[in-house]
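Following: one structure in structure tokens, then a few remarks.
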Amino acid sequence: MLGYVVTNAEGQADRLIGEAAQALCDRRLRLAGAVQVNRDIGPGRKCAMNLHSLSGGGVVRISQDLGARSQGCRLDPDGLERAVGLAQAALTRGADLFVVNKFGKQEIAGRGFRPLINEALTMGLPVLTAVSAGNLAAFESYADGFGTRLSADLAAVLAWAVTVIPVREAGAPGVCLSS
């Protein structure tokens, strides 16, 4: 029960996964994980990358400002690990779906959210993520034929989600994203 979308356009996956998480939360589903929301910080500067916890843990900055001319990796590994810790706590409390903003370089290397993806799948919990076209071969090697590639549109993602999430009595709403 590993659903994934493949995108190339910058920001498309972040928006799609965020919209899907909000729609599922509105349906009173319990979500664990995080979605990425980038914030413009001015002309000539790269955006600030933030992960919004889907379990009420707030927002964690996962990027470092290395300067306008920097070519290095902007990922703040400490920020990413804080977000992973929040998601881990949410998995322990219980969820209907585990959402990971993307299966990226950290996950390919076995770090980031990858251990939690493995844990969620072992628990029988469906997982939703996005993969860039450049990381698709590594992701497919990881998934080993287990994943379901979804069309990169909201209706397709929601249709998949409602088929893999077990039906339960509606409880308190999940933690939804704020605008």
Side-chain angles (χ1 to χ4, degrees), residues 1-38 49-60 62 83-84 86-104 106-108 112-133 135-136 138-140 142-179:
M1 296 184 297
L2 173 60
Y4 66 98
V5 295
V6 179
T7 62
N8 273 327
E10 189 170 330
Q12 179 186 10
D14 297 333
R15 288 186 297 275
L16 177 59
I17 297 297
E19 289 171 2
Q22 182 66 54
L24 293 167
C25 180
D26 290 347
R27 294 179 184 184
R28 304 180 76 81
L29 295 171
R30 298 171 301 154
L31 307 181
V35 296
Q36 184 168 326
V37 179
N38 297 328
M49 299 183 302
N50 299 307
L51 287 182
H52 288 241
S53 170
L54 297 173
S55 59
V59 178
V60 177
I62 62 164
V84 168
L86 292 170
Q88 173 68 53
L91 277 179
T92 302
R93 290 189 303 272
D96 298 312
L97 176 70
F98 187 64
V99 179
V100 178
N101 66 302
K102 69 178 173 183
F103 192 95
Q106 292 295 310
E107 288 73 25
I108 289 168
F113 283 98
R114 185 165 168 171
L116 292 185
I117 293 170
N118 295 343
E119 183 177 337
L121 292 171
T122 299
M123 295 167 54
L125 189 65
V127 175
L128 173 64
T129 193
V131 182
S132 71
N135 292 334
L136 184 57
F139 174 79
E140 288 176 335
Y142 161 77
D144 195 26
F146 185 65
T148 301
R149 185 171 177 166
L150 308 170
S151 177
D153 67 80
L154 184 59
V157 171
L158 295 178
W160 171 83
V162 298
T163 64
V164 299
I165 295 172
V167 176
R168 67 172 179 82
E169 222 175 282
V175 176
C176 296
L177 301 172
S178 56
S179 304

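Quantities reported herein were computed from a predicted structural model and do not represent experimental measurements. When a residue number appears, it is its place in the shown sequence, counting from 1.
Between the side chains of Y142 and N118, at least one donor-acceptor pair of N or O atoms lies under 3.5 Å.
With E107 contributing its side chain and G104 its backbone, the two residues share a donor-acceptor pair below 3.5 Å. With hydrogens and angles ignored, the 3.5 Å screen pairs a side-chain donor or acceptor of R114 with a backbone N or O of I108. The closest donor-acceptor contact from the side chain of D96 to the backbone of R30 lies under 3.5 Å.
Minimum heavy-atom separation, G33 to A87: CA-CB, 4.0 Å. W160 and P126 get closest at one heavy-atom pair: CH2-CB, 4.2 Å. Scanning both residues, S132 and V6, for their nearest heavy atoms gives C-CG1, 4.4 Å. Shortest non-hydrogen contact noted between V100 and I17 is O-CG2, 4.5 Å. Summarising the geometry of R27 relative to V162, their closest heavy-atom pair is NH1-CG1, 3.2 Å, with the distance given to 0.1 Å. Summarising the geometry of L31 relative to A21, their closest heavy-atom pair is CD1-O, 3.3 Å, with the distance given to 0.1 Å.
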Show your working on side chain to side chain contact (heavy atoms under 4.5 Å, CB included) between V84 and L116 and close with a plain yes or no. CA-CA 8 Å; V84 168; L116 292 185; 3.7 Å; yes
Stepwise side chain to side chain contact (heavy atoms under 4.5 Å, CB included) test for F103 and I117: CA-CA 10 Å; F103 192 95; I117 293 170; 3.9 Å; yes
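Within the 4.5 Å cutoff, the side chain of F98 has no heavy atoms near those of the L2 side chain. Put simply, the side chain of V35 reaches to within 4.5 Å of the side chain of L54, judged on heavy atoms. Side-chain contact between L125 and M1 is absent, with no heavy-atom pair separated by less than 4.5 Å. The shortest side-chain heavy-atom distance between V5 and V131 does not fall under the 4.5 Å cut-off. Residues N135 and K102 are not in side-chain contact: their nearest non-hydrogen atoms beyond the backbone lie 4.5 Å or more apart.
Remark: A20 engages L128, L154, V157, L158 in a side-chain contact (heavy atoms from CB on, under 4.5 Å) (not counting sequence neighbours). The side chain to side chain donor-acceptor pair (under 3.5 Å) check on T92 picks up nothing, with sequence neighbours excluded.
Among pairs with a residue in residues 147-158, those fulfilling side-chain hydrogen bond (donor to acceptor under 3.5 Å, both in side chains) read S151-D153, at least two apart in sequence or across chains.
Atoms CG and CD1, from L29 and I165 in turn, are 4.5 Å apart once rounded to the nearest 0.5 Å.
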